[in-house]
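These values consider heavy atoms only, across backbone and side chains, with no hydrogens, waters or symmetry-generated copies.
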Amino acid sequence: MKHLAYTAPLALLLLFTLSGCGSAAGNTTKNRTLNVTLPSEPATADPNKSTDTNSGSVISQTMEGLYTYDQSGKVVAGVATKVVKPTNNGKTYTFNLRKTAKWANGQTVTAQDFVTSLRRWVDPKTKAQYANKLSAIKGYAAIQNGKADPSTFGVKALNKTKLQITLSQAVPYFDDLVSDYYPLNTAAVKKYGQKYGTNAAKTMSNGAYKLVGWTGSNSTWTYVKNPHYWDAKNVKIKKVKVNVTKDESTAATLFKSGKIQETTVSGQYVRANANNKELHKTLQGRLQYLYVNSKKAATNSENLRQAVAYVTNRSTLTNKVLVDGSKPALNAVPRGDQANPKTGEDMATQLGNLLPTDVAKAKTYWAKYLKETGKTKVTLNLLTDDTDDDKHVGTYLQSVMEKNFKGLKVTTTSIPHAQHVARDFAGTFELNLTGWSTNLLDASDFLNLAAKDNTVNFTGWNDPAFNTLLAKAATQTGLPRYNTLMDANQRLMAVKGYIPLYQPSQAKLVSKDVGGLKDTLLHGAQYKYAYWK
């Protein structure tokens, strides 16, 4: 009886103590900062001018378009009240905006803010390098060519909360494009002009978080919860601190010590930690390429492109160099990108491997290249990002080419991502390791990278047969369109307009203490869905 008499109060004491700890932990995590990394610096916070993945990451966390994405990557209503069905044979979209949608300064997001953004984006004076994302909207070509004023663009504010967008023709994947149509605070754009988005002070957010502390060149900044966001009550984490961490071993060490809760890793770390429950791998809707510059005399050669394409062993590249779940490219589109409308079969797998390794054939093409150039010794430069992944891939390509191509010397230049993107658009490269991420499940987004006059056709390659197929597909729908895009894919791979290498997998370490962070094929995790467990 004495034993029981003493045990009961002790049990109650423990119960109260543990309950108290739980409450304290809850109060602690309520205001706890989530620490994350990016592999390189962003170039801008201006949605109209964004061209790189790091800028895209910043914008996606701090801005919201007409549509957005749920945790599974499905298109859902954002600033718009619902995902709408078009009228006028699929050419007219009328969006009602949430009256509760606010900017971080408390002002209401209006239809005019979308008009301001889209007109500014399409205006040639803005020099928006991805203005082609607006090409489906009526008036795009005339404005881009300087033959019409941006005020004639097919976007109209019917009233403060009603926006209308008119297309030149129906587009089957327009809902995915709409998610990238962000508003811009009209007053802020008038105030800052071309300097809008160059730092946090010259940026206005309307998403779950506002951008704080980014000077335009520093490597640390913060996403702070936007109290005026229309769905702020469901945003659990108040502050996210971002650190640019280019060295993945450093990032892994910071994660292990608990100083960061989300970071990207690859290669050796993934191989050594395959059973780590905090390691998550997601195949991306992206392809990494080797671009060969058709505008430079030394590299304007199909023989060179064929040689490089055939000498590259993509299985070796993904299984022994990257070791992060990435997959060898099969053709010009990634796995999961577009399904056959009749059978549901995936285009990439339906076409199969159009990029086989054949060293003997590669050497034959190399000999043809030397003969056509009249050279016996050649030096080519390979441009890459200064990230671990790009450096490792660059080293592999340099090694395999120098080993098999007599008389070839490959030098490498590794630079920060923003500088790399600038050189992409300037065309100042010979060989270029680069990539493209899509936000829509349609093969045209990847095939159009090689289209004539496309602003993102960095190679300068131009093939009339290929362009004719793309033009034909633009007039079609359903299975006929799918089949024409298949033909375009085959043509592009037959002559190697560009050289796909691999479909990346995003390998991330995510703390077991954090929930709601889930990457999908098309999108990285949104911090607005994150919570402390």
Shortest non-hydrogen contact between [X] and [Y], atoms and distance:
| X | Y | result |
| --- | --- | --- |
| Lys528 | Thr68 | NZ-OG1, 3.6 Å |
| Lys496 | Leu355 | CE-CD2, 4.0 Å |
| Thr384 | Gly394 | CG2-CA, 4.4 Å |
| Gln398 | Val410 | NE2-O, 2.6 Å |
| Gln306 | Ala494 | NE2-O, 2.8 Å |
| Trp532 | Val514 | CZ3-CG2, 3.5 Å |

Legend entry - Pairwise distance NZ(Lys241) to CD(Gln261) - rounded to 0.5 angstrom: 11.5 Å
Inset, instruction - Scan for salt bridge (charged side-chain N to carboxylate O under 4.0 Å, His left out) pairs involving residues 225-234, sequence neighbours excluded, and state none if there are none. - result: Asp231-Lys233
In terms of side-chain heavy atoms, does [X] have a donor or acceptor partner in [Y] at a distance below 3.5 Å?
| X | Y | value |
| --- | --- | --- |
| Asn48 | Ser117 | yes |
| Gln350 | Tyr482 | yes |
| Ser57 | Asn54 | no |
| Asn293 | Asn432 | no |
| Thr459 | Asn457 | yes |
| Lys238 | Asn31 | yes |
| Asn199 | Thr215 | no |

Legend entry - Check against side chain to side chain donor-acceptor pair (under 3.5 Å), Asn243 and Asn35: CA-CA 8 Å; Asn243 287 277; Asn35 293 279; 4.7 Å; no
Inset, instruction - Starting from the C-alpha separation in whole Å, work towards a yes-or-no answer on side chain to side chain donor-acceptor pair (under 3.5 Å) for Thr411 and Asn381. - result: CA-CA 5 Å; Thr411 61; Asn381 181 258; 2.9 Å; yes
Inset, instruction - For atom NZ of Lys49, decide whether the heavy atoms of other residues, nucleotides or ligands shown that lie under 6.0 angstrom number more than 12. - result: yes
Students often mix this up, so state it plainly: with edges at 30° and 60°, are the rings of [X] and [Y] parallel, tilted or perpendicular?
| X | Y | value |
| --- | --- | --- |
| Tyr69 | His523 | tilted |
| Tyr223 | Trp221 | perpendicular |
| Tyr365 | Tyr310 | parallel |

Inset, instruction - Could you list the residues that satisfy side-chain contact (heavy atoms from CB on, under 4.5 Å) with Asp445, not counting sequence neighbours? - result: Trp436, Thr438, Leu440
Are [X] and [Y] close enough for a salt bridge, meaning some N to O gap below 4.0 Å?
| X | Y | answer |
| --- | --- | --- |
| Lys246 | Glu41 | yes |
| Lys508 | Glu262 | yes |
| Arg335 | Asp346 | no |

Legend entry - Residue pair Leu184 / Tyr196, side-chain heavy-atom distance below 4.5 Å: yes
Inset, instruction - Output yes when a side-chain donor or acceptor of Asn489 lies under 3.5 Å from a complementary backbone atom of Leu485, and no otherwise. - result: no
Inset, instruction - Taking Asn313 for its side chain and Thr316 for its backbone only, find out whether a donor-acceptor pair lies under 3.5 Å. - result: yes
Inset, instruction - Tell me, with the steps shown, if Tyr209 and Tyr527 meet ring-ring contact (aromatic ring centres under 6.0 Å, His included). - result: CA-CA 9 Å; Tyr209 293 96; Tyr527 299 133; 7.2 Å; no
Legend entry - Ser55 and its side chain to side chain contact (heavy atoms under 4.5 Å, CB included) partner, picked from Val421, Leu38, Thr44: Thr44
Legend entry - Partner of Leu433 by side chain to side chain contact (heavy atoms under 4.5 Å, CB included), out of Asp385, Val393, Asp389: Val393
Legend entry - Distance flag, aromatic centroids of Phe429 and Tyr291, threshold under 6.0 Å: no
